[in-house]
Amino acid sequence: MSFKIGDIEIKNRIVMAPMAGISNTAYMKICEEMGVGYAVTELISSEAIIRGNKKTFEMLNGLDTLNIPVAVQLFGADCNVMAEAAKILVDKFNIKIIDVNMGCPVPKVAIRAKAGSCLLKDVTKAYEMVKTIVDNVEAFVTVKIRSGWDANSINAIEVAKAIEKAGASAICVHPRTRSQGYSGKADWSIIKQVKENVNIPVIGNGDVKSCDDVKRMLDETSCDAVMIGRALLGNPWLIKNSLNYLQGKALVEVTMKERIQVLKKHLRYLVEFKGEKTACLEIRNHIAWYFKGIAFANNIKNKVYQTSNIHDIIKVLDELEEGNYE
């Protein structure tokens, strides 16, 4: 079942979450090949965009190679800076969807920069930020929020209504407070309440670890789509299996050979979009995730940590594919 953000049709109800250092073009391409309907980039600094920061723009390399709708997620505390940054992205990269981060809980963003989930503390400011971007940018604007700043200020419904009134085209709800971070349990009932109080699409997020979780969230909250984050680390097959599960099809069993082949492809995409040096560093964490729980994982990880170029990493993976786990 599809849904729409503005007039953009999303082919299914599975969404890739924005994850710092993870949700780049390389992994989005892997997730696209697994069937994901929609993806959101890792958070991008609006201040860095308007300053023309080269490294920040490089984070968006290759977005035009994707064949699914993608939103670029921006964070910032100044409404006009956010709108200016969004306009630069739309003009430079032909971005169709700008996602406003009102959910990031890390102190660097939420406290020092007064952005991310800090915006939940001021509903008027949240409204003004969305309205300013909507009024100045030829793109659809979406927002990712949390349930509130802390347990004493659960205001997701109020924020969602304000965001809708400001012209947002969709909202994603992670039903933990800022003070919870990623601990404790996500309260899915908040997603349901938001869905019942707005008319724009609502994407649910939080504690989605399995195909069954995807279906339960859809059934329990009536949300329009499910956003999967940390559960995708090393397991992009969760997308394919979730789609199969929702359609009553058999789940796929991931063989070691396929795991290695997808990892190699992931590495090649990282090299293509980020260069060999960065790719060789970033793939290290992914290798640990791809082989998590497998007996020889530490051996492989240690071998890769001793490498400094793509040729040597591919050699390690080739040996593994041939059955050499030592």
Side-chain angles (χ1 to χ4, degrees), residues 15 17-20 40 42-43 45-46 73-79 81-82 99-134 141-168 170-209 213 216-231:
V15 178
M19 294 176 280
V40 185
E42 58 188 311
L43 73 173
S45 166
S46 57
Q73 187 179 82
L74 284 176
F75 78 92
D78 186 293
C79 298
V81 169
M82 286 283 282
D99 188 65
V100 179
N101 184 306
M102 294 190 188
C104 183
V106 300
K108 180 181 178 181
V109 172
I111 295 176
R112 292 198 288 277
K114 298 189 183 305
S117 54
C118 184
L119 295 167
L120 301 175
K121 297 167 74 174
D122 186 342
V123 178
T124 301
K125 173 77 174 286
Y127 168 87
E128 289 173 351
M129 180 165 287
V130 175
K131 185 78 164 60
T132 303
I133 300 171
V134 168
V141 178
T142 62
V143 187
K144 188 165 192 271
I145 70 168
R146 283 182 169 247
S147 54
W149 179 257
D150 57 29
N152 298 315
S153 56
I154 305 292
N155 63 347
I157 295 172
E158 184 184 3
V159 172
K161 286 181 174 180
I163 286 167
E164 180 180 34
K165 186 178 179 182
I171 184 167
C172 178
V173 182
H174 181 137
R176 283 185 173 90
T177 63
R178 183 269 156 186
S179 59
Q180 279 183 282
Y182 297 99
S183 64
K185 187 176 181 182
D187 182 358
W188 290 1
S189 69
I190 292 172
I191 301 172
K192 179 178 174 64
Q193 292 169 45
V194 170
K195 176 62 182 170
E196 291 170 347
N197 280 276
V198 297
N199 294 310
I200 55 177
V202 173
I203 300 169
N205 175 227
D207 287 350
V208 177
K209 302 171 185 176
D213 289 338
R216 282 196 306 107
M217 179 177 277
L218 290 168
D219 290 345
E220 291 179 16
T221 72
S222 299
C223 63
D224 297 274
V226 174
M227 177 179 280
I228 309 176
R230 290 171 290 170

key: Qualifying residues under side-chain hydrogen bond (donor to acceptor under 3.5 Å, both in side chains), relative to N155, sequence neighbours excluded   = none

key: Backbone of M19 reached by a side-chain donor or acceptor of R230 within 3.5 Å   = no

key: Side chain S147, main chain R176, donor-acceptor under 3.5 Å   = yes

inquiry  = For the NZ atom of K125 and the OG1 atom of T132, what is their distance to the nearest 0.5 Å?
reply    = 10.0 Å

inquiry  = Main chain of C104, side chain of S117: is a donor-acceptor contact present, judged purely on distance under 3.5 Å?
reply    = yes

ask   = Of all heavy-atom pairs between S46 and G76, which one has the smallest distance, and what is that distance?
value = OG-CA, 3.6 Å

task = Please answer whether the main-chain N or O of I203 pairs with a side-chain N or O of D224 as donor and acceptor at a distance below 3.5 Å.
result = no

request  = Indicate the atoms forming the closest heavy-atom contact of A225 with V15, along with that distance.
outcome  = CB-CG2, 3.9 Å

ask   = What distance do S45 atom OG and M82 atom CE have between them, rounded to the nearest 0.5 Å?
value = 9.5 Å

query = Between CD1 of I191 and NE2 of H174, what distance do you get to the nearest 0.5 Å?
reply = 8.5 Å

Closest non-hydrogen atom pair between A231 and V208, with its separation = CB-O, 3.3 Å

ask   = Do R216 and D213 meet the salt-bridge criterion of a basic N to acidic O distance under 4.0 Å?
value = yes

inquiry  = Could you check whether any side-chain N or O of R178 sits under 3.5 Å from a backbone N or O of D150, counting only pairs where one atom can act as donor and the other as acceptor?
reply    = no

request  = Calculate, to the nearest 0.5 Å, the distance between atoms CE and CD1 belonging to M102 and I145 respectively.
outcome  = 9.0 Å

All side-chain hydrogen bond (donor to acceptor under 3.5 Å, both in side chains) counterparts of E196, not counting sequence neighbours = K192

query = Is any side-chain heavy atom of R146 less than 4.5 Å from a side-chain heavy atom of T177?
reply = no

inquiry  = Using a 3.5 Å distance criterion without hydrogens, assess whether the side chain of Q193 forms a donor-acceptor pair with backbone atoms of I157.
reply    = no

query = Could you walk me through whether V143 and M129 pass the side chain to side chain contact (heavy atoms under 4.5 Å, CB included) check?
reply = CA-CA 10 Å; V143 187; M129 180 165 287; over 6 Å; no

request  = Work out which heavy atom in K114 is nearest to a heavy atom in A77; give both atom names and the distance.
outcome  = O-CB, 3.4 Å

remark   = Output for pair (D122 CG, L119 CG), nearest 0.5 Å, gives 8.0 Å

ask   = Any side-chain heavy-atom pair from M217 and C223 closer than 4.5 angstrom?
value = yes

ask   = Is a side-chain donor or acceptor of D207 paired with a backbone partner of A186 at a separation under 3.5 angstrom?
value = yes

task = Indicate yes or no: at least one non-hydrogen side-chain atom of N199 is less than 4.5 angstrom from one of E164.
result = yes

query = In Å and rounded to the nearest 0.5 Å, what is the NZ to OG1 distance from K131 to T124?
reply = 14.0 Å

remark   = For C118 and A110 the tightest heavy-atom approach is CB-O, 3.0 Å

remark   = In terms of heavy-atom contacts, P105 and Y182 come closest through CD-OH, 3.7 Å

